[in-house]
Amino acid sequence: MSQQKLILDGARVAQEIKDQLAERVKALTAKGIVPCLATILAGDDPASATYVRMKGNACRKLGMESRRIELPKETTTEQLIAAIRELNEDPAVHGILLQHPVPSQINERAAFEAIDIRKDVDGVTTLGFAQNAFGFAAYPSCTPAAIIAILDYYRIPIEGKHAVVVGRSPILGKPVSLMLLNRNATVTVCHSRTRGLEQAVGLGDIVVAAVGKPSFIQGAWLKEGAVVLDAGYNEGNVGDVDYESCLAKASAITPVPGGVGPVTIAMLLKHTVEAAERAAQ
Ligand code: NAP
């Protein structure tokens, strides 16, 4: 008997979020406040430049403003922090996104910490992270928020399920693990020193791939009927799961592209609109 497969359509989820936001942007604009996201790109990494452009375009399509700060690859930590402080103090800017990764001479953590918590729309500060851990973050990191939004859109239960997250980065693996835990999943977090990764992945009713390695997670590792969320985005539009073999085993799966990525951008817009609404109060 062939099992029904659900392709988790991120573009559809993102569109619904953006449709809801359009009204809120209009209402703010009528009051003379145009939600504005500032993106900072340090260096000339072409993939980062593309991401920043996509974020700016998404703002404009929704009637929001975007401001692009481009800094040379020789930028120092102090110069980057000075640019962030200027944006912190600018009342026309509601959200600040520092594109990761920054050039190696920059202390990325120090730069993230310089972002005003009220404008930390990607949950990158330690305070934003901690608030998310406690379950009351104004703005959780966008990719983890996108993963939860996809599960909720498709009414996939989280409570009581075993979620296995592969990856523990501060912007993705760790916060999504905490968000799943806060939603009463039993969570296993795997990383590069995990022993028995395949067995661990095999426990997951929900598997989140946040590894940064193309086609890494294999269908043979999955429990039959697992729900697979692939946050990976590698060169050539390839995710962190081996799509074909995982599709065969999963009950639901996000494709790459068109899965987690578009919802991440929608979340960034949502958080920026919320920041503008709060600033207007
Ligand atoms: P990262 O900072 O490089 O973290 C990768 C994580 O994977 C680390 O925790 C690492 O473990 C773990 N890992 C590496 N090799 C492993 C292995 N062999 N077995 C098990 N775990 C392993 O990456 P990231 O920033 O979290 O990004 C992860 C992926 O998501 C990338 O493909 C990235 O492009 C994508 N991404 C997508 C979006 C989006 O909007 N869709 C946004 C952000 C990132 P250690 O901690 O032990 O090193």
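Indexing begins at 1, ligand by ligand and atom by atom, following the structure's order. Nothing here was measured: the structure is a model prediction, and the numbers come from that model. Note that the numbering runs from 1 along the sequence shown for the chain.
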Identity and separation of the nearest protein heavy atom to [atom]:
atom                    : result
atom 15 (N) of ligand 1 : Lys213 NZ, 3.2 Å
atom 34 (O) of ligand 1 : Tyr233 O, 3.0 Å
atom 31 (C) of ligand 1 : Gly212 CA, 3.4 Å
atom 36 (N) of ligand 1 : Ala231 O, 3.4 Å
atom 46 (O) of ligand 1 : Arg168 NE, 2.7 Å
atom 47 (O) of ligand 1 : Ser192 OG, 2.5 Å
atom 38 (C) of ligand 1 : Thr143 OG1, 3.6 Å
atom 20 (C) of ligand 1 : His191 O, 3.1 Å

Running the 4.5 Å side-chain criterion over Ile, Leu, Val, Met, Phe, Trp and Tyr, what cluster does Ile117 land in, apart from itself?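 Leu127, listed by chain and number.
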At a non-hydrogen distance cut-off of under 4.0 Å, which region of Val211 contacts ligand 1 (side chain, backbone, both, or neither)?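 Looking at Val211 and ligand 1, atoms from backbone and side chain both fall under 4.0 Å.
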Where's the contact between Ile265 and ligand 1, heavy-atom distance under 4.0 Å: side chain, backbone, both or neither?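 Contact part for Ile265 vs ligand 1: neither.
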Within the 4.0 Å heavy-atom shell around [X], which atoms of ligand 1 are there?
X      : answer
Leu172 : 26 (O), 27 (O), 28 (C), 30 (O), 36 (N), 43 (C), 44 (C)
Asn234 : 32 (O)
Thr264 : 39 (C), 40 (O)
Asp240 : 29 (C), 32 (O)
Phe216 : 17 (C), 18 (N), 19 (N)

What I'd like to find out is whether the side chain of Glu108 reaches to under 4.5 Å of the side chain of His100, using heavy atoms alone.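 Yes, at least one pair of side-chain atoms sits under 4.5 Å.
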Return yes or no for this condition: an N or O of Arg193 is under 3.5 Å from an N or O of ligand 1.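 No, since none of the N or O atoms of Arg193 sits under 3.5 Å from an N or O of ligand 1.
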Side-chain donor-acceptor pair present, Arg60, Asn57, cut-off under 3.5 Å: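 Present: a donor and an acceptor within the cut-off.
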Polar side chain donor-acceptor pair, Thr126 to Glu113, under 3.5 angstrom: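 Result is yes, a qualifying pair exists.
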Heavy atom to atom 4 (O) of ligand 1, shortest distance: which of Cys142, Gly10, Ser169 holds it?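 The residue whose heavy atom sits nearest atom 4 (O) of ligand 1 is Ser169.
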Please determine whether any non-hydrogen atom of Thr194 lies less than 4.0 Å from an atom of ligand 1.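 Flag not set, Thr194 not near ligand 1.
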Going by heavy atoms, is Gly173 under 4.0 Å from ligand 1?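 It does not; every heavy atom stays at 4.0 Å or beyond.
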Start with the C-alpha distance between Arg68 and Glu70, add both sets of side-chain angles, then the distance that settles salt bridge (Lys or Arg N to Asp or Glu O under 4.0 Å), and finish with yes or no. CA-CA 6 Å; Arg68 215 156 115 188; Glu70 288 179 8; 2.9 Å; yes
Arg118, CZ: over 12 other non-hydrogen atoms inside 6.0 angstrom: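 It does not: Arg118 CZ has 12 such atoms or fewer within range.
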Arg85 atom CZ: more than 12 heavy-atom contacts under 6.0 Å: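 At most 12 heavy atoms, drawn from other residues, nucleotides or ligands, come within 6.0 Å of this atom.
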Using the rule side chain to side chain contact (heavy atoms under 4.5 Å, CB included), only one of Leu151, Ile147, Ile156 pairs with Leu8; which is it?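 With Leu8 as partner, Leu151, Ile147, Ile156 yield a single side chain to side chain contact (heavy atoms under 4.5 Å, CB included), made by Ile156.
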Does the plane of the ring in Phe216 sit parallel, tilted or perpendicular to the ring in Trp221? Use 30° and 60° as the thresholds.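 Correct class here is perpendicular.
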Smallest separation among heavy atoms of Ile96 and Ile84, with atom names: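 What the structure gives for the nearest pair is CD1-O, 4.2 Å.
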Quick one: list whatever passes ring pair (Phe, Tyr, Trp, His ring centres under 6.0 Å) with Tyr153, sequence neighbours left out.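 For Tyr153 there are no ring pair (Phe, Tyr, Trp, His ring centres under 6.0 Å) partners, ignoring immediate neighbours.
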Got a second to check how far Lys161's NZ is from Arg183's CZ, nearest 0.5 Å?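 The CZ atom of Arg183 is 13.5 Å from NZ of Lys161, to the nearest 0.5 Å.
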